[in-house]
Amino acid sequence: MKYLRRTLCGALLASQAVLPAIAQQKPTVKPNVLFIVADDFRDEGGVFTHAKVKLPNLARLAAHGVRFERAYAQYPVCNPSRSSLLTGLRPEQTGVVNNTTRLRSRLPDVLTLPQYFKENGWHAEAFGKLYHMSGASETEKALWMDLPQSWHAATAFSPTKLGQKNDGRNLTGGALPWCRWGMAEGGDDDQPDGQTAAAVVKLIEKQAANPWFIGCGFLKPHDPFIAPKKYFDLYPTESLTLWKDPVDMTPAPPLALAGGYQQAFDKFTDKERLEFLRAYCATASYMDAQLGRVLDALDKNKLWDKTVVVFIGDHGYHTGERQWWNKNTLFERSCRAPLLIAAPGMAQGKTSRSLVEFVDLFPTLAESCGLKVPTGLAGQSLRPVLSDPKRRLKDAAFTLVTRGQNRYGQSIRTDRWRFTQWSDGTRELYDHNNDPEENRSVVAQNPKVVSELSVKLKALPPYP
């Protein structure tokens, strides 16, 4: 069977390889795949650093594989990002650019990553949030989880009655219903992510003798920021430091920050900012603890040499940079997200500075498991970098956001620059050699760079 991209038109783009790919041996047995996604989980930087935020199990996973310091989502919002990375196609190609459009309503015959493994003999099962979750009825929920195409089975979880009880508040007085935190009663398994971890562990032990592709989708640290109280206790407010924007920061262009939230964020005092940061850190640590339970199962069943493990945050997140407390921007904090890959026979405990994109995951996993890479994917296999983390795979990463009909921005990140072009003609250019937090746009000072990067953006599949 040939796996071709049907119903797609337009050019496909993969960034230019900086070095030729090295020959890779196919595995002699079918490895398992553990595909872990954490919702709204940002990469480190600013005030969210490994020194401040307690994520011991993420560090434990990093010791088994390669941590990518510069990995980029193709759309910094849940549904578009997941629809892109699970098909290996850019959002310009999927047409999914919001949280209300179901993938197969645009591409009914598209081949997805878990579907490819399922059709090639792996047991494919999902727990928690892999695709964006929506729908009122069970039938609608199954469609959003892409049943039966992607999985043999998929299960989502809800808080228990005890876990629904929590002590907290809405930080905007109700103006933004999502912007709330709570110290929950009960234990880890009274929250969905604890139940997800327990189900994943159970299936790993049940399927230990057979190849499997398990999707493990953690909801945290996505809002509402609710976790058991013990995780909030890890972060006394006096231990936290707020991000401070420089006074001479270049103002964000009109379309840069998604409408509707800024007015509420502008009313924050340091009290609200500290509570938000504390709750985000607490829910991140809660997620990390559930990750630890899953890693324990790999240890117990001696599966590290038989399993490819991928961990990603589906996109980045601002925790106060530019006074923004959300995602959905084309700044580094929103576009860049964690990516760790541990694979048998590949490097361990290493860090890569190669630019990579989430569309690279589909070809990487296919090649890592001895499958032919399907025709027409937008990304490249990361196997050369997993073998030698000093290698550089591509020269650019791309991200899209939309701001309503025919209003959008496209951004390119190179080794040195981030260039963003908005549909209203506004342009931004940031020099990461001198300004890693993207505080000062240098468009006017660098016309040649702007011209070169504009050409690269035009090579993307057309949008809209």
Side-chain angles (χ1 to χ4, degrees), residues 1-8 12 14 17 20-37 65-66 68 82-90 93-94 103 107 109-126 130-131 146-154 203-204 207-216 298 303-312 339-347 356-387 393-394:
M1 178 180 180
K2 292 183 178 179
Y3 292 97
L4 301 177
R5 295 287 150 178
R6 302 175 289 271
T7 74
L8 293 175
L12 298 172
I22 60 177
Q24 299 288 334
Q25 292 184 341
K26 290 186 177 181
T28 56
V29 296
K30 290 181 175 180
N32 303 310
V33 176
L34 178 57
F35 195 82
I36 307 168
V37 185
V66 177
F68 291 86
R82 292 161 187 259
S83 296
S84 171
L85 68 91
L86 289 171
T87 58
L89 301 174
R90 300 186 184 281
Q93 297 168 290
T94 66
L103 173 63
L107 300 176
D109 299 320
V110 72
L111 176 71
T112 70
L113 171 61
Q115 177 186 359
Y116 191 39
F117 278 77
K118 174 173 170 274
E119 293 179 358
N120 278 281
W122 275 258
H123 176 80
E125 191 160 351
L130 276 301
Y131 292 93
D146 203 40
L147 284 169
Q149 291 96 327
S150 282
W151 314 103
H152 291 100
L203 185 60
I204 287 174
Q207 293 283 339
N210 302 306
W212 42 257
F213 185 112
I214 295 178
C216 174
L298 297 182
L303 290 174
W304 285 103
D305 63 347
K306 302 175 185 177
T307 307
V308 181
V309 182
V310 175
F311 177 96
I312 63 169
L339 170 62
L340 296 90
I341 301 177
M346 297 289 102
V356 300
E357 301 177 282
F358 285 174
V359 288
D360 298 328
L361 294 174
F362 197 147
T364 300
L365 286 171
E367 187 178 27
S368 295
C369 296
L371 297 175
K372 183 179 179 180
V373 176
T375 303
L377 298 180
Q380 307 171 236
S381 172
L382 302 178
R383 290 282 288 182
V385 183
L386 292 173
S387 178
L393 187 67
K394 53 175 58 177

Ignoring hydrogens, what is the shortest heavy-atom contact between [X] and [Y]? Give both atom names and the distance.
X: Lys394; Y: Val356; result: CD-CA, 4.4 Å
X: Leu89; Y: Gly376; result: CD2-O, 3.6 Å
X: Pro114; Y: Ala124; result: O-CB, 4.1 Å
X: Thr307; Y: Pro344; result: O-CD, 3.4 Å
X: Lys30; Y: Asn120; result: NZ-O, 2.8 Å
X: Leu393; Y: Ser381; result: CD2-O, 3.5 Å

Mutual orientation of the aromatic rings belonging to Trp122 and Phe117 [parallel < 30°, tilted 30-60°, perpendicular > 60°] =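 Perpendicular: the ring planes of Trp122 and Phe117 meet at over 60°.
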Point-to-point distance, once rounded to the nearest 0.5 Å, from [atom1] of [X] to [atom2] of [Y]:
X: Ser84; Y: Phe362; atom1: OG; atom2: CZ; answer: 12.0 Å
X: Cys216; Y: Leu130; atom1: SG; atom2: CG; answer: 8.0 Å
X: Ser368; Y: Leu386; atom1: OG; atom2: CG; answer: 6.0 Å
X: His152; Y: Trp212; atom1: NE2; atom2: CH2; answer: 15.0 Å
X: Leu361; Y: Thr87; atom1: CG; atom2: OG1; answer: 11.0 Å
X: Phe358; Y: Arg82; atom1: CZ; atom2: CZ; answer: 10.5 Å

Side chains of Ser150 and Thr112: is there a donor and an acceptor less than 3.5 Å apart?
->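 On atom types as modelled, these side chains qualify, holding a pair under 3.5 Å.
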Do the side chains of [Y] and [X] get nearer than 4.5 Å, heavy atoms only?
X: Lys372; Y: Tyr116; answer: yes
X: Met346; Y: Arg383; answer: yes
X: Thr94; Y: Val110; answer: no
X: Val37; Y: Val310; answer: no
X: Val66; Y: Ile341; answer: no

Candidate pair Leu86 and Phe35, rule side-chain contact (heavy atoms from CB on, under 4.5 Å), full reasoning = CA-CA 11 Å; Leu86 289 171; Phe35 195 82; 4.1 Å; yes
Run the numbers on Val33 and Cys369 for side-chain contact (heavy atoms from CB on, under 4.5 Å), then give the verdict.
-> CA-CA 8 Å; Val33 176; Cys369 296; 3.6 Å; yes
Verdict with supporting geometry, Ile214 and Leu34, side-chain contact (heavy atoms from CB on, under 4.5 Å) = CA-CA 5 Å; Ile214 295 178; Leu34 178 57; 4.2 Å; yes
For Pro363, the option from Leu382, Leu377, Leu113, Leu371 that meets side chain to side chain contact (heavy atoms under 4.5 Å, CB included) |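 With Pro363 as partner, Leu382, Leu377, Leu113, Leu371 yield a single side chain to side chain contact (heavy atoms under 4.5 Å, CB included), made by Leu377.
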Please check if the side chain of Lys306 supplies one atom and the backbone of Val29 the other of a donor-acceptor pair under 3.5 Å.
->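 Absent.
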Counting N and O atoms only, with roles assigned by atom type, does the side chain of Lys118 sit under 3.5 Å from a partner on the main chain of Pro148, one being a donor and the other an acceptor?
->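 Looks like yes, one N/O pair under 3.5 Å.
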Report the C-alpha distance between Leu103 and Asp146 in whole Å, list the side-chain angles of each, state the deciding distance to 0.1 Å, and finish with yes or no for side-chain contact (heavy atoms from CB on, under 4.5 Å).
-> CA-CA 9 Å; Leu103 173 63; Asp146 203 40; 5.6 Å; no
